[in-house]
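Structure, as structure tokens:
Quantities reported herein were computed from a predicted structural model and do not represent experimental measurements.
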Amino acid sequence: MKALVLSGGAGTRLRPFSYSMPKQLIPIVNKPVLEYAMENIAALGVTEVAVIVGDRAAQITEALGDGSRFGVRITPIHQDKPRGLAHCVELARPFLGEDDFVMYLGDNMLPDGIADIAEEFRAGRPAAQIVVAKVPDPRAFGVAELDAEGAVVALAEKPSAPRSDLALIGVYFFTSAIHEAVLAIEPSARGELEITDAIQWLVTHGHAVKAGEYSGYWKDTGQADDVLECNRHLLGGLSSRVEGDVDATSELIGPVVIEPGARVVRSRIVGPVVIGAGTVVEDCRIGPDTSIARDCVLRATQLTDSIVMAGASITQVPGLHGSLIGRSANIGPSDHAEAHHRLVVGDHTHVEVAA
């Protein structure tokens, strides 16, 4: 089996971050979302992985390297602009050949892994096996209708009137039968080759298409609130580890990770919290549910339920909650009367927050 990982896409719902970084590199507990996907794929024993990249190909390549640290070999494939998931399969056809493969959306978080689904696919080898989960509002997703045995009878992409609450969650297993389906379909009304149309073609032409409801934790990290919720979930499994320096006047409560080279001075850290390598925290109250990346500086600040990306600086902010702080952002006090509850800060940005 091979793997096809999709890491193009514009990430419009995560602007301003996605103006300067791929959405798949947004960190969850100080690790890019895309790395979790690669780890799940490597756990299946897959060693050949194609990664669809767009305008931010250089950043994706820098983050993943050649794949050797995951135990895989990565082949980048460029897509000039988003043209649909089925178009990605078409682009990857020379790489995929006639092999079975798993297609994985690189902005999806499935920390419990996909090994059970892969085993089911390998045992039965239907033409396609999709992974679904119940969602409160399926209109933003591809939606599957199943029969009593779990076979797919119909699919629709982002339907205005869904006939099911089962959303496709971004992991698909295919045999080479999918290539005939991709060649047979036409672009949708939004101008894209939809993978749901290709799978529906398989159903219509008598191919076996199976579905299974995912029982683990799943989150589409396409919006800021989803990123923060996922960060909270993963921090819930944190174990304490102190490899940096914590002075005698500081207090660590609950599960806290202090990475090498980090310094905590005159501060109170309430876990779960991760403080990245080389970060300085002075006179602060941090946590719970907070991830701070490497090489940040926080002084005289209170911060909870947030993600701070690499190189950011936060000074004299008395109450920052539920926030995403971008790489190299600079946040400090101002004379404004109002305080900000939530900040979504882009790269290399200066933001003032009311004291």
Side-chain angles (χ1 to χ4, degrees), residues 1-9 37-38 40-52 72-75 77 79 83-108 110 113-133 141-146 149-157 166-188 192-214 218:
M1 184 186 291
K2 292 179 179 177
L4 178 63
V5 178
L6 310 188
S7 297
M38 297 303 300
N40 279 351
I41 289 166
L44 305 181
V46 173
T47 59
E48 296 288 341
V49 181
V51 179
I52 301 292
V72 304
R73 290 180 292 274
I74 291 177
T75 300
I77 298 175
Q79 186 183 42
R83 298 178 183 272
L85 305 189
H87 181 254
C88 295
V89 174
E90 183 178 354
L91 283 177
R93 178 68 191 273
F95 167 84
L96 296 168
E98 297 301 310
D99 292 317
D100 295 351
F101 67 98
V102 55
M103 185 169 78
Y104 198 122
L105 272 60
D107 58 353
N108 273 0
L110 296 92
I114 56 173
D116 291 346
I117 305 163
E119 185 59 34
E120 185 179 345
F121 170 75
R122 283 166 166 154
R125 293 194 70 244
Q129 180 144 353
I130 61 175
V131 186
V132 298
F141 300 90
V143 176
E145 294 181 56
L146 312 182
E149 284 72 44
V152 176
V153 296
L155 297 104
E157 183 64 29
L166 293 174
L168 281 67
I169 66 172
V171 177
Y172 312 78
F173 292 86
F174 295 116
T175 68
S176 60
I178 192 64
H179 299 302
E180 182 183 5
V182 167
L183 290 175
I185 64 173
E186 298 291 333
S188 66
E192 296 189 2
L193 285 176
E194 311 286 0
I195 198 65
T196 47
D197 289 346
I199 299 171
Q200 181 64 57
W201 187 94
L202 291 173
V203 172
T204 301
H205 288 79
H207 293 272
V209 177
K210 299 293 184 180
E213 188 172 346
Y214 191 65
W218 161 69

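- To the nearest 0.5 Å, the span separating CD1 on I114 from CH2 on W218 amounts to 14.5 Å.
- In this structure, the side-chain hydrogen bond (donor to acceptor under 3.5 Å, both in side chains) partners of D99, at least two apart in sequence or on a different chain, are K2.
- Between atom CD of residue E48 and atom CD1 of residue I41 there is a gap of 12.5 Å, rounded to the nearest 0.5 Å.
- L85 has its side chain within reach of L105: a pair of non-hydrogen atoms, C-beta onward, lies under 4.5 Å apart.
- Atom-to-atom distance recorded for W201:CH2 and L183:CG is 9.0 Å, nearest 0.5 angstrom.
- Looking at heavy atoms from C-beta onward, L6 lies in side-chain contact with M103 at the 4.5 angstrom threshold.
- For N40, the side-chain hydrogen bond (donor to acceptor under 3.5 Å, both in side chains) partners are Y104, not counting sequence neighbours.
- The salt bridge (Lys or Arg N to Asp or Glu O under 4.0 Å) test applied to E145 returns R163, not counting sequence neighbours.
- Residues meeting the side-chain hydrogen bond (donor to acceptor under 3.5 Å, both in side chains) test with S188, sequence neighbours left out: E194.
- Among all heavy-atom pairs drawn from G142 and T196, the shortest one is CA-CG2, 4.2 Å.
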From CA spacing to verdict: side chain to side chain contact (heavy atoms under 4.5 Å, CB included), F173, M1: CA-CA 10 Å; F173 292 86; M1 184 186 291; 4.0 Å; yes

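- Annotation: the span from R83 atom CZ to L193 atom CG amounts to 9.5 Å, rounded to 0.5 Å.
- For A198, the side-chain contact (heavy atoms from CB on, under 4.5 Å) partners two or more places apart in sequence, or in a different chain, are I178, A181, V182, I185, I195.
- Closest of all the heavy-atom pairs between A144 and L155 is CB-CD2, 4.4 Å.
- Looking at residues two or more places apart in sequence or on another chain, you find no side-chain hydrogen bond (donor to acceptor under 3.5 Å, both in side chains) involving T47.
- Contacts classified as side chain to side chain donor-acceptor pair (under 3.5 Å) and involving residues 170-183 (residues at least two apart or in different chains) are given here: E98-S176.
- One distance of note links CG of D197 with CD of E186; it measures 10.0 Å at 0.5 Å rounding.
- One distance of note links OH of Y214 with CD1 of I169; it measures 6.5 Å at 0.5 Å rounding.
- Using a 4.5 Å cut-off on side-chain heavy atoms (C-beta onward), M38 and V5 make contact.
- Counting heavy atoms from C-beta on, the side chains of V72 and V46 never come closer than 4.5 Å.
- The shortest non-hydrogen separation linking A154 to Q200 is CA-OE1, 3.2 Å.
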Side-chain atoms of residues 120-131: list all donor-acceptor pairs with protein atoms under 3.5 Å, sequence neighbours left out, distances to 0.1 Å.
residue	atom	partner	partner atom	Å
E120	OE2	Q129	NE2	3.3
R122	NH1	L44	O	3.3
R122	NH2	L44	O	3.0
R125	NE	D100	OD2	2.8
R125	NH2	D100	OD1	2.9
R125	NH2	D100	OD2	3.4

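- Side-chain contact between I199 and F174: present, with at least one pair of heavy atoms (C-beta onward) separated by less than 4.5 Å.
- In this structure, F95 and L4 have side chains that are not in contact, with every pair of non-hydrogen atoms separated by 4.5 Å or more.
- Applying the salt bridge (Lys or Arg N to Asp or Glu O under 4.0 Å) rule to E119 yields no partners; only residues at least two apart in sequence or on another chain are considered.
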Working for side chain to side chain contact (heavy atoms under 4.5 Å, CB included), residues I117 and V171: CA-CA 10 Å; I117 305 163; V171 177; 5.7 Å; no

